[in-house]
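Just so we're on the same page: letters track the sequence lines, and every chain starts at 1. Source: prediction; values computed, not measured.
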2 protein chains.
Amino acid sequence: MDTQTDTGKASRRVTAKDIATSLGVSRATVGFVLNNTAGQTISEATRRRVIAEAHRLGYRPHSAARALASGRTNTVLLILPDWPIDFSVRNNIEEASNALDDAGYTLLITTPHDSGRARPLWETVDLDAVMGYLPFTPQAIEAMRAAGVTRIVPDPDTLAPPYDEPGTTMQVEHLADLGHRALAYADTADRRLTTLGQERWAAARLAAETAGCRIERAAIDLDNESATTAVLSWRAASVTGVLAYNDDVAAALVGAALRAGIDIPGELSVIGHDDAPIARLFEPRLSTIRLDTAGLGRQLAALTIASIEGSDTAPAEQATPTVQLIERDSTRAIPADKR
Amino acid sequence: MDTQTDTGKASRRVTAKDIATSLGVSRATVGFVLNNTAGQTISEATRRRVIAEAHRLGYRPHSAARALASGRTNTVLLILPDWPIDFSVRNNIEEASNALDDAGYTLLITTPHDSGRARPLWETVDLDAVMGYLPFTPQAIEAMRAAGVTRIVPDPDTLAPPYDEPGTTMQVEHLADLGHRALAYADTADRRLTTLGQERWAAARLAAETAGCRIERAAIDLDNESATTAVLSWRAASVTGVLAYNDDVAAALVGAALRAGIDIPGELSVIGHDDAPIARLFEPRLSTIRLDTAGLGRQLAALTIASIEGSDTAPAEQATPTVQLIERDSTRAIPADKR
DNA sequence: CGCGCCAGGTAGCGCGCGCTAGTAAACTGC
DNA sequence: GCAGTTTACTAGCGCGCGCTACCTGGCGCG
């Protein structure tokens with residue numbers, strides 16, 4: 001069933017009018033058939049003829065014209081966080097994309113640019129909705145609205161329940177279960193991640209308190225020796241368990257510790273976050289947290305579709321995505337006699 | 001100067017006609033001013049009034065209408081390879097995006113989907129051009145053309161000079177310089193990467209021959225023990241230098257070697273490819289190859305713009321992007337007495 | 001037989017914008 | 001003072017499609 005590209009002469013694109021004249025019916029009829037317009041009665045015979053002719057000519061609706069006439073672009077933009085977690089985001093995108101595609105929408109993806117030179121996508125492309133993983137900043141919302149974006153997910157007008165960072169909580173619980181009582185949270189020094197880092201630090205403190213642990217915080221810059229500094233200060237402070245913002249930070253810590261002669265996990269347990277593929281390949285293999293990014297993607301897509309199409313259909317229950325502990329070799333229990 | 005969103009009543013969008021009637025000029029005049037249409041003489045006074053009014057009303061051209069009328073969408077799609085190298089691709093995208101934005105184009109990005117469920121972006125969005133890092137497969141080109149994509153970069157009709165994988169060559173030369181004579185190429189077992197892997201293997205063989213080295217190949221699957229198998233077989237075969245397809249494979253090898261009690265780089269030198277950020281954090285820090293992805297991005301954008309706008313302007317010289325050796329701790333010279 | 005009804009269509013407007021063809025007035029040149 | 005040119009605009013078509021309003025002919029029904 002290949003599309004026969006009837007390269008007429010100057011390779012003009014095939015329009016609905018072409019189908020109509022070729023078949024001797026009106027353009028409206030063609031439109032009704034191809035869009036399955038409700039409330040129109042078209043005989044089965046005509047319907048078939050139109051579809052067949054459309055296929056034969058290789059008709060492809062002109063999306064710009066359709067967008068102009070209908071006022072909807074069937075296009076949704078996903079704004080990726082400027083995080084180095086693309087590997088895990090991939091599942092997410094794919095799921096979201098599939099879900100949206102099934103509903104007739106096209107997913108566009110963008111990452112915010114540091115440079116700020118290129119104009120944001122929502123200013124140059126008409127969109128039905130914009131979705132993001134985290135709530136947008138008021139400035140971003142302002143900018144989008146000014147550019148004509150009406151639907152934003154998560155909805156800035158609905159007071160979102162605070163995302164409780166279950167992964168971070170799980171990191172703390174894992175270390176506590178292993179008998180660690182003096183913990184440290186290794187935040188990222190990347191300024192782009194400060195929001196999320198702060199949230200995780202808050203979650204970590206809360207979880208540590210609940211588990212009866214003390215906890216301190218250090219910001220790790222991957223580009224300098226701050227990992228070494230942190231590791232040495234933790235040894236001085238008898239910290240035995242470290243939860244990292246992500247696997248990159250964890251890797252930096254493990255590397256710095258080994259170079260400083262600190263045994264991982266013998267002297268220090270380190271747990272990462274995100275389950276980066278590379279994290280399990282090095283020695284020691286990194287314990288980490290895996291998020292159900294695919295589920296998150298589906299959920300986001302469902303939320304968006306509901307928002308566009310009237311929302312009364314699917315409430316898209318605000319289930320927190322599945323979080324899973326991946327226990328490998330970089331964390332170890334404190335011996336019973338030392339607890 | 002903020003855009004004053006004059007929410008008239010039902011928040012209709014501001015059109016050029018609104019500006020025209022509000023100013024008592026014709027819609028054409030507004031169009032000429034806002035598009036700086038060549039061959040039209042508009043008095044400076046009128047010009048200023050139109051621009052001011054457009055700004056005051058918060059006018060934003062309707063991209064779909066513009067696309068319909070002009071036949072151009074000013075939109076370019078970049079198809080990312082389905083590779084796990086997003087970190088390095090990021091620079092590339094950003095540079096390409098900036099370059100295109102400066103020329104008035106919007107860059108869309110997509111990655112092919114394994115599932116194949118969601119329709120490709122070029123079928124649902126009108127594009128001025130599609131760009132990719134590697135030449136597209138004939139099937140992909142066929143599909144794009146059938147969907148109305150006329151400009152594809154790299155141009156499938158121009159016989160592209162074979163990309164000679166300078167990074168791989170540099171890996172071999174580095175190991176050879178260090179005195180290694182028995183090499184191995186650690187390919188990826190990821191089926192998505194076979195094309196590139198094959199090219200690198202060909203480049204590696206050629207370079208090894210030139211350098212007077214013997215070389216063998218193994219495919220490493222990150223998800224099983226093939227790295228361990230490979231490392232052990234290399235020890236048996238007295239292989240001393242390994243060049244990896246990318247840093248992930250290199251990391252797998254280093255991890256497997258250390259677990260098998262093989263010293264890196266004492267017994268085996270390993271060099272990666274791509275300079276993944278995490279690769280320098282682990283112990284031993286990975287020697288690798290860094291590509292000038294930013295330059296590549298600019299080059300791709302220039303090529304595309306030239307293709308859209310008539311191409312006689314900028315030939316965009318087919319310079320191979322800069323490739324740089326990053327020497328760290330996972331490679332070491334063979335002692336003089338053992339050469 | 002007259003009427004309403006309904007299946008099965010068609011005519012054509014409007015979406016917002018780019019741009020060609022035209023036009024009226026002002027400004028030359030001689 | 002008048003033809004020719006230039007300046008500064010305007011009228012309105014056409015891009016391809018969605019969709020409302022309308023039309024027509026056959027059929028059931030009292």
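Using a distance-only test at 3.5 Å, with no hydrogens or angles considered, no donor-acceptor pair links the side chain of A:Asn74 to the main chain of A:Tyr105.
Considering all non-hydrogen atoms of both residues, A:Met131 and A:Ala96 come closest at CE-CB, 4.3 Å.
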- Message: Test side-chain hydrogen bond (donor to acceptor under 3.5 Å, both in side chains) on A:Thr29 and A:Ser26; report intermediate values, then the result.
- Response: CA-CA 5 Å; A:Thr29 305; A:Ser26 77; 3.0 Å; yes
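In this structure, B:Thr41 reaches the bases: a heavy-atom distance under 4.0 Å links it to at least one base atom across the strands shown. Note on B:Ser43: only backbone sugar-phosphate atoms sit closer than 4.0 angstrom, heavy atoms only; bases stay farther off.
Protein atom CG of A:Asp126 is 12 Å distant from nucleotide atom C1' of C:dC15, rounded to whole Å. One can place NE2 of B:His62 at 15 Å from C1' of C:dG18, the figure rounded to the nearest angstrom. Rounded to whole Å, atom C1' of D:dC19 lies 13 Å from atom CG of A:Leu68. D:dG16 atom C1' lies 7 Å from atom OH of A:Tyr59, rounded to whole Å. The separation between B:Lys17 atom NZ and C:dC15 atom P is 7 Å, rounded to whole Å. Atom CD1 of A:Ile42 and atom P of C:dC6 are 17 Å apart (whole Å). Distance B:Gln40 CD to C:dA21 P: 12 Å, rounded to the nearest Å.
If you check residues 21-37 of chain B against DNA chain C, the residues with a heavy atom closer than 4.0 Å are B:Arg27, B:Ala28, B:Phe32, B:Asn35, listed by number.
Note on A:Glu44 versus A:Arg48: salt bridge recorded, some NZ/NE/NH1/NH2 to OD/OE distance being below 4.0 Å. Checked for salt-bridge contact, A:Arg145 and A:Glu142 miss the test: no charged N lies under 4.0 Å from a carboxylate O.
The shortest side-chain heavy-atom distance between A:His62 and A:Leu68 does not fall under the 4.5 Å cut-off.
Shown here are the side-chain hydrogen bond (donor to acceptor under 3.5 Å, both in side chains) partners of B:Ser43, two or more places apart in sequence or in another chain: B:Thr46.
Look at A:Arg66 and you'll find a side-chain N or O under 4.0 angstrom from OP1 or OP2 of D:dG18.
Closest-nucleotide positions on DNA chain C for B:Ser70 and A:Ala65 were compared, and the one nearer the 5' end corresponds to A:Ala65.
The side chain of B:Ala69 lies closest to D:dC15, out of C:dG9, D:dC15, D:dG18.
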